[in-house]
Engineer: 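Encoded as structure tokens, here's the structure I'll be asking about.
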2 protein chains.
Amino acid sequence: MSVGIRHDDLRRRNRAMVISAVRRAGQPSRTEIAATTGLSHSTISAISSDLIQEGILAESKPGETGALKRGRPQVGLALNPEAAAVMTVVLSLNFLSVTVIDYAGQVVAEEQRRLDTLTMPRDELIGECTAIVRRRLEDPDLDVQSIARIAMGIQGITDSQARAMLWSPITPLTDIAFADILEAEFGIPATMENDCNMMAVALQWRQPERYRDNFIAILLSHGIGMGLVLKGELFTGTHSSGGEFGHMIHRPGGALCRCGRRGCVEAYAGNYAIWRSAKMMSEDAEPVDVGDADMRALAARARETDGPEREAYRKAGEALGFGLGSLFALIDPAPVAMVGVSAAAFDLIEPALREAIAQTAGGQHSKSISFDTEPNELPLIREGCAMRALSFVDQEIFAPGIQAKAGKHVA
Amino acid sequence: MSVGIRHDDLRRRNRAMVISAVRRAGQPSRTEIAATTGLSHSTISAISSDLIQEGILAESKPGETGALKRGRPQVGLALNPEAAAVMTVVLSLNFLSVTVIDYAGQVVAEEQRRLDTLTMPRDELIGECTAIVRRRLEDPDLDVQSIARIAMGIQGITDSQARAMLWSPITPLTDIAFADILEAEFGIPATMENDCNMMAVALQWRQPERYRDNFIAILLSHGIGMGLVLKGELFTGTHSSGGEFGHMIHRPGGALCRCGRRGCVEAYAGNYAIWRSAKMMSEDAEPVDVGDADMRALAARARETDGPEREAYRKAGEALGFGLGSLFALIDPAPVAMVGVSAAAFDLIEPALREAIAQTAGGQHSKSISFDTEPNELPLIREGCAMRALSFVDQEIFAPGIQAKAGKHVA
DNA sequence: CAGTATTTTTTCGAGGCTCGAAAAAATAGA
DNA sequence: TCTATTTTTTCGAGCCTCGAAAAAATACTG
């Protein structure tokens with residue numbers, strides 16, 4: 001089944017380990033790397049010397065170590081920003097944004113653009129994406145040699161191979177293999193990532209203490225999305241990006257969901273559902289787009305008076321709570337990050353959510369389940385895509401190195 | 001984070017690979033192993049020669065290869081049955097059974113015993129388990145030197161470290177660290193496994209074509225349990241055995257579940273729930289144990305006439321369908337095995353189940369979701385425990401070998 | 001300011017592992 | 001009996017990691 005380990009895999013894996021230790025720790029010394037990886041000092045010395053020679057790592061200036069200790073001072077190793085560059089492309093409702101990121105993770109260029117994703121025909125949507133990428137690639141101000149990888153993020157369902165968007169709420173179009181399109185167009189390896197998965201990846205890098213092995217990122221926006229990390233790894237479905245938390249069934253045969261079915265969590269907790277409920281519309285009413293400003297106004301009104309607005313948030317909390325309860329029945333409770341515009345109204349949602357979750361098997365220790373909120377999803381998605389692309393460069397390009405044997409001829 | 005690969009890990013991993021190739025394939029030749037593992041012939045030759053010398057593998061008699069080809073005939077490698085033995089202990093409602101299994105997976109001894117698990121006090125229940133194990137261990141007829149591992153399986157929730165039963169429907173007792181108890185008593189490494197997880201493990205060995213990377217085993221019995229395999233690996237929760245499919249919420253605030261909560265899938269699809277519904281009892285009625293014979297009679301009656309019995313099965317199907325739909329929303333659809341006494345009534349359950357699942361996001365291709373049934377769960381649980389224990393011996397005892405260095409002194 | 005203690009990093013065999021090539025082994029067909 | 005064919009073993013080469021010792025770089029001490 002799984003394949004044996006060759007002798008050369010050893011070096012590749014250990015190189016990968018060193019690179020990722022540096023990416024995680026910032027400026028670790030060789031000694032620190034040896035400690036975290038469990039490899040011997042000699043090995044770390046050999047590997048890091050190779051990596052420096054190849055221009056992947058660089059010794060960072062000393063000084064910053066703060067408290068000076070006795071003995072030879074540690075030399076920090078850092079990622080060489082010029083070793084490579086990657087690009088992120090994030091497509092969301094009526095909005096397209098691109099960033100170029102150096103190997104150390106700093107943004108070196110960006111471009112953003114409004115467009116009407118809901119009505120745009122297929123060719124045009126694809127054209128806008130390739131055009132914005134091309135503009136960035138051909139920008140003479142860009143002083144990176146070449147882009148090693150593109151990570152594209154999109155709201156909606158992607159396939160599990162990270163090649164295509166299968167379905168998205170931002171467009172009626174389906175099955176667009178953006179990864180293949182970008183690769184064909186620019187000859188740069190590309191992937192197509194799900195927005196919520198990228199949020200989870202970003203949280204893992206931003207707050208590794210809180211979001212490490214098991215946690216959940218939930219997008220509370222027009223739709224309800226989820227990124228799930230289990231045992232330190234992003235969880236995806238077997239065929240798709242998976243984790244369609246918003247379409248777990250809350251009430252069989254219940255309110256009309258944007259997906260056309262009934263009773264999904266999203267049909268109670270998505271922006272349109274909260275809006276519909278607050279405006280006392282029927283649960284069968286066709287979902288409509290609600291602007292962020294309108295949602296903020298709605299939340300403000302819900303805080304003011306105990307009317308249908310507050311009740312709408314209560315219902316949303318209930319749906320989310322029962323959904324989370326079912327999820328926790330499957331995977332056990334874990335920290336949750338609530339992201340998106342309605343996360344800013346989490347104070348209105350939380351009481352009903354906790355009450356509901358306490359009634360479920362997964363919510364046995366509902367008080368210990370902790371929530372964190374982050375109203376703005378876009379930066380997270382961008383960061384996640386960036387880290388995703390950089391990790392690819394780390395693992396697939398730099399870890400194997402210059403194919404050992406070929407390199408030896410030179411030396 | 002994860003640890004570097006040492007030089008000696010290499011051999012250990014490749015030995016493990018060879019052993020598992022033999023366990024999977026039955027009697028593969030060295031050449032076949034080289035092909036499946038991707039390692040070179042020389043390496044396989046070296047490793048298998050070691051393993052044979054250590055008494056772990058044995059060259060099997062030729063002959064059985066069937067069509068004789070030109071050239072040197074392949075020599076099949078097989079597990080040496082006498083290399084080790086393991087024990088399984090399965091505790092289910094009013095029933096305790098133990099088997100001793102040789103290294104090749106054959107049952108060499110067994111004992112079964114009825115007992116009243118529901119009323120038994122803690123000490124007595126533990127005592128019965130240790131006593132039956134002791135009897136088997138001390139049996140003079142048993143011609144295995146020693147038991148290398150005990151895998152105990154139980155209905156209910158276990159912790160994710162496989163040390164303890166946390167909660168079980170077969171006893172009011174909770175938190176019994178059976179693994180620790182057995183280890184302390186007999187000095188043999190032991191684990192405490194969840195019954196449905198073991199069903200899944202057994203299915204993976206029994207039908208690897210159908211149940212390989214992603215599948216679901218659902219126990220339809222008094223309670224509803226699930227074993228889930230994703231990407232070829234058993235899925236467990238972060239703290240517990242996880243996969244409490246039966247306690248996902250089907251109808252918030254709905255029928256009374258055995259767990260004390262309301263609206264769980266099990267409260268509609270467990271034996272007691274079907275019984276309660278068929279007998280036109282209230283959804284609040286206290287769950288009662290229903291014998292397998294009674295359930296079979298109920299199913300027969302449901303097949304005969306379109307009365308409350310049939311309706312009860314319909315409701316069960318609906319609950320299972322919506323539950324599966326929610327599950328499939330998270331992990332994408334996968335083959336399902338229905339196990340247990342009510343799996344024999346799957347013909348009554350399936351129509352409503354498929355109808356419900358078709359109304360969910362996960363059920364988009366509901367027709368392509370395939371179900372298989374297996375009315376008897378006990379043999380599966382036993383087999384799963386056996387394979388689990390044997391895999392442990394493969395990976396943890398035989399793969400590392402005689403600690404290389406220590407062994408070299410002899411040679 | 002020289003010497004010592006301390007810590008980090010590099011150097012240098014030793015021992016292991018896998019691999020490819022070639023040899024050896026074992027059999028069917030001619 | 002010889003040849004072709006296939007499987008398995010043997011053997012040397014090339015890497016890789018490791019431990020120990022050396023080298024490097026700094027703080028402390030008198």
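A, B, ... follow the sequence lines: proteins, then strands. Residue 1 opens every chain.
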Engineer: What is the distance, rounded to the nearest whole Å, between atom CG of A/D8 and atom P of C/dC19?
Structural biologist: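 Distance, rounded to whole Å: 8 Å.
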
Engineer: Please report the C-alpha distance between A/T88 and A/T99 in whole Å, then the side-chain angles of each, then the deciding distance to 0.1 Å, and finally whether the side chain to side chain donor-acceptor pair (under 3.5 Å) criterion is met.
Structural biologist: CA-CA 5 Å; A/T88 71; A/T99 58; 2.4 Å; yes

Engineer: From CG of B/D50 over to P of D/dT9, roughly how many Å is that when rounded to an integer?
Structural biologist: 11 Å

Engineer: Return the nearest nucleotide to the side chain of A/S45; candidates are C/dT10, D/dC18, D/dT8.
Structural biologist: C/dT10

Engineer: Quick one: the side chain of A/S40 and the base of D/dG19, do they pair up donor-acceptor inside 3.5 Å?
Structural biologist: no

Engineer: Provide, to the nearest angstrom, the distance between the CZ atom belonging to A/R13 and the P atom belonging to D/dT17.
Structural biologist: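 Going from A/R13 (CZ) to D/dT17 (P), I get 12 Å.
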
Engineer: For the pair made of CD1 in B/I47 and C1' in C/dC17, what is the distance, rounded to whole Å?
Structural biologist: 9 Å

Engineer: Given the structure, check if the side chain of B/H7 and the base of C/dG15 hold any donor-acceptor pair shorter than 3.5 Å.
Structural biologist: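 A donor-acceptor contact between them is present.
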
Engineer: Quickly work out the B/D9 CG to D/dC16 C1' distance and round it to whole Å.
Structural biologist: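 Distance, rounded to whole Å: 13 Å.
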
Engineer: If you only use heavy atoms from C-beta on, which nucleotide in C/dT18, C/dT9, D/dT8 is closest to the side chain of A/R6?
Structural biologist: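 Taking heavy atoms from C-beta onward, the closest nucleotide is C/dT18.
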
Engineer: Taking the six-membered ring of A/Y103, is NZ or CZ of A/R23 closer than 6.0 Å to its centre and within 45° of its axis?
Structural biologist: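 Here A/R23 passes the 6.0 Å and 45° test against A/Y103.
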
Engineer: Which whole-number value in Å describes the distance from B/R30 CZ to C/dA25 P?
Structural biologist: 15 Å

Engineer: Rounded to the nearest Å, what distance is computed from the CZ atom of residue B/R12 to the P atom of nucleotide C/dG16?
Structural biologist: 17 Å

Engineer: If I take atom CZ in residue A/R15 and atom P in nucleotide D/dT17, what distance separates them, rounded to the nearest angstrom?
Structural biologist: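 From A/R15 CZ to D/dT17 P: 11 Å.
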
Engineer: Are any of B/N14's side-chain N or O atoms less than 4.0 Å away from OP1 or OP2 of C/dC17?
Structural biologist: no

Engineer: Go through the structure and list residues passing salt bridge (Lys or Arg N to Asp or Glu O under 4.0 Å) with A/D50, not counting sequence neighbours.
Structural biologist: A/R11

Engineer: Name all residues meeting the salt bridge (Lys or Arg N to Asp or Glu O under 4.0 Å) criterion together with A/R149; count only those two or more places apart in sequence or in a different chain, and write none if there are none.
Structural biologist: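 With neighbours one apart ignored, the set is empty.
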
Engineer: Would you classify A/S42 as touching base, sugar-phosphate or nothing, given that sugar-phosphate means primed atoms plus P, OP1 and OP2, and contacts are heavy atoms under 4.0 Å?
Structural biologist: base

Engineer: Salt bridge (Lys or Arg N to Asp or Glu O under 4.0 Å) with A/E32: which residues, sequence neighbours excluded?
Structural biologist: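 Salt bridge (Lys or Arg N to Asp or Glu O under 4.0 Å) check on A/E32 returns nothing, list empty.
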
Engineer: Among D/dT7, C/dT9, D/dC16, find the nucleotide with the atom closest to the side chain of A/R11.
Structural biologist: D/dC16

Engineer: Under 3.5 Å, which protein N or O atoms sit close to an N or O of nucleotides 1-6 of chain C? Give each pair with its distance.
Structural biologist:
from  : atom 1 : to    : atom 2 : distance (Å)
C/dT6 : O2     : A/G71 : N      : 3.4

Engineer: Identify, with sequence neighbours excluded, every residue that meets side chain to side chain donor-acceptor pair (under 3.5 Å) alongside B/Y211.
Structural biologist: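 Side chain to side chain donor-acceptor pair (under 3.5 Å) list for B/Y211, sorted by chain: empty.
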
Engineer: Between B/T43 and A/S48, which residue's closest nucleotide on DNA chain C lies nearer the 5′ terminus?
Structural biologist: A/S48

Engineer: Taking only residues two or more places apart in sequence, or in another chain, which ones meet B/R30 in a salt bridge (Lys or Arg N to Asp or Glu O under 4.0 Å)?
Structural biologist: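 Expected list: B/E59.
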
